[in-house]
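This report refers to the structure that appears directly beneath it.
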Amino acid sequence: MAEPTTPNVAEDLLCIHAIITRGLNVSIERGRAFTQGGYPDAPAREGFIDYVRSLVSVLHAHHLTESDVVFPSFRARVPDAPFDLLIAQHRDLEPLLQQANAAIGEVSAEAAAGAALARLIGLLERVAGLWHPHIRVEEDHFSPDRLAVLFDVEQHEALNRAAAGHSAQHSGPDYLVVPFLLYNLAPEKRRYFSRSMPPIVTEQLLPVVWKQKWAPMLPFLLP
Ligand SMILES: [Fe+2]
Ligand SMILES: [Fe+2]
């Protein structure tokens with residue numbers, strides 16, 4: 001993945017899709033391994049639960065942001081995109097995310113990897129089954145090349161700011177979601193994606209103030 005040089009709302013969507021896709025893959029693969037071999041220790045269990053909780057929160061916020069903020073500004077400019085279908089798919093995924101959240105609560109209450117974890121993995125597999133065809137349609141219609149000529153640079157950045165603000169309002173907690181977003185991305189995309197985060201977040205909160213809280217997720221994140 002090359003580092004994007006010009007702000008482009010389609011590049012930010014590709015970043016979020018890459019974050020969520022990796023989050024689903026890691027949660028399912030590592031969760032399956034835990035159902036078979038158990039958690040290696042308590043921090044791994046805690047980190048895994050925080051990781052999956054962040055994934056579900058980010059996924060929920062991403063759908064809301066597309067439906068409420070991004071798609072309304074795309075509609076007139078990308079008339080061939082199936083917006084109503086995409087929004088219906090967001091709605092179809094929501095009950096699965098709510099069930100996944102309930103399952104995460106049950107996983108936190110069971111000391112060893114057991115039936116609740118197996119149920120959570122099954123739910124995430126169903127989410128993944130809907131997620132991949134859904135983002136294929138989005139990425140086919142909203143490519144960086146196509147969107148580059150439909151909005152000027154200021155419009156791209158204004159839309160990115162509005163989308164990031166809406167997502168932040170509907171996801172959390174920040175001390176888990178911000179590291180989850182940044183460290184499920186390859187470093188060159190991470191630099192691009194973090195460009196509009198306030199320096200206090202990237203230089204103080206993330207590496208210092210919040211570090212202990214998100215450190216258990218490290219085994220599931222990229223370096
Ligand atoms: Fe979507
Ligand atoms: Fe999307």
Side-chain angles (χ1 to χ4, degrees), residues 1 4 6-28 51-101 123-148 150-151 155-172 177-178 180-186 189-190 192-197 222:
M1 287 199 236
T6 313
N8 184 317
V9 68
E11 290 287 0
D12 287 65
L13 288 181
L14 288 175
C15 286
I16 294 272
H17 289 174
I19 291 163
I20 292 170
T21 297
R22 183 177 188 275
L24 282 167
N25 290 342
V26 168
S27 299
I28 291 168
Y51 185 87
V52 183
R53 208 188 289 281
S54 305
L55 166 69
V56 173
S57 182
V58 166
L59 194 38
H60 163 75
H62 174 61
H63 291 158
L64 279 183
T65 299
E66 284 183 338
S67 293
D68 297 350
V69 177
V70 178
F71 290 175
S73 60
F74 281 8
R75 258 189 202 267
R77 296 178 200 230
V78 192
D80 58 311
F83 291 102
D84 294 337
L85 172 73
L86 292 170
I87 290 168
Q89 290 175 341
H90 293 166
R91 273 199 300 266
D92 291 345
L93 271 156
E94 200 48 36
L96 281 178
L97 298 181
Q98 284 174 14
Q99 290 174 53
N101 262 332
L123 287 163
L124 294 178
E125 285 169 341
R126 287 171 63 196
V127 170
L130 296 171
W131 169 253
H132 291 285
H134 174 77
I135 61 167
R136 207 167 304 129
V137 174
E138 290 179 348
E139 294 181 7
D140 282 351
H141 286 88
F142 315 132
S143 69
D145 284 350
R146 184 171 187 193
L147 291 198
L150 296 179
F151 298 96
Q155 289 170 322
H156 276 287
E157 279 304 56
L159 191 47
N160 277 326
R161 271 195 304 277
H166 197 78
S167 285
Q169 266 174 20
H170 291 92
S171 60
V177 162
V178 171
F180 179 89
L181 290 170
L182 294 182
Y183 291 99
N184 276 302
L185 272 180
K189 289 273 181 180
R190 192 181 303 156
Y192 168 79
F193 191 70
S194 63
R195 71 196 180 284
S196 47
M197 288 184 178
L222 291 169

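Counting convention: from 1, in listed order, for ligands and their atoms alike. The figures here come from the full heavy-atom set of this structure, side chains too, leaving out hydrogens, waters and symmetry mates.
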Inset, instruction - Return yes when at least one N/O/S atom of His17 is nearer than 2.8 Å to the Fe ion (ligand 2), and no when none is. - result: yes
Inset, instruction - For the Fe ion (ligand 1), find the closest N/O/S atom on His90 and give its atom name. - result: NE2
Legend entry - Heavy-atom side-chain contact between Glu66 and Leu13 under 4.5 Å: yes
Legend entry - Glu138, N/O/S atom nearest the Fe ion (ligand 2): OE1
Legend entry - Metal proximity, His62 vs the Fe ion (ligand 2), N/O/S cut-off 2.8 Å: yes
Legend entry - N/O donor-acceptor pair under 3.5 Å between His62 side chain and Val58 backbone: no
Inset, instruction - Check whether any side-chain heavy atom of Arg22 lies under 4.5 Å from a side-chain heavy atom of Leu222, and answer yes or no. - result: yes
Legend entry - Ion pair Asp84/Arg75, N-O distance below 4.0 Å: yes
Legend entry - N/O/S atom name from Glu66 that is nearest to the position of the Fe ion (ligand 2): OE2
Inset, instruction - Can you label the angle between the His90 ring and the Phe71 ring as parallel, tilted or perpendicular, going by 30° and 60°? - result: parallel
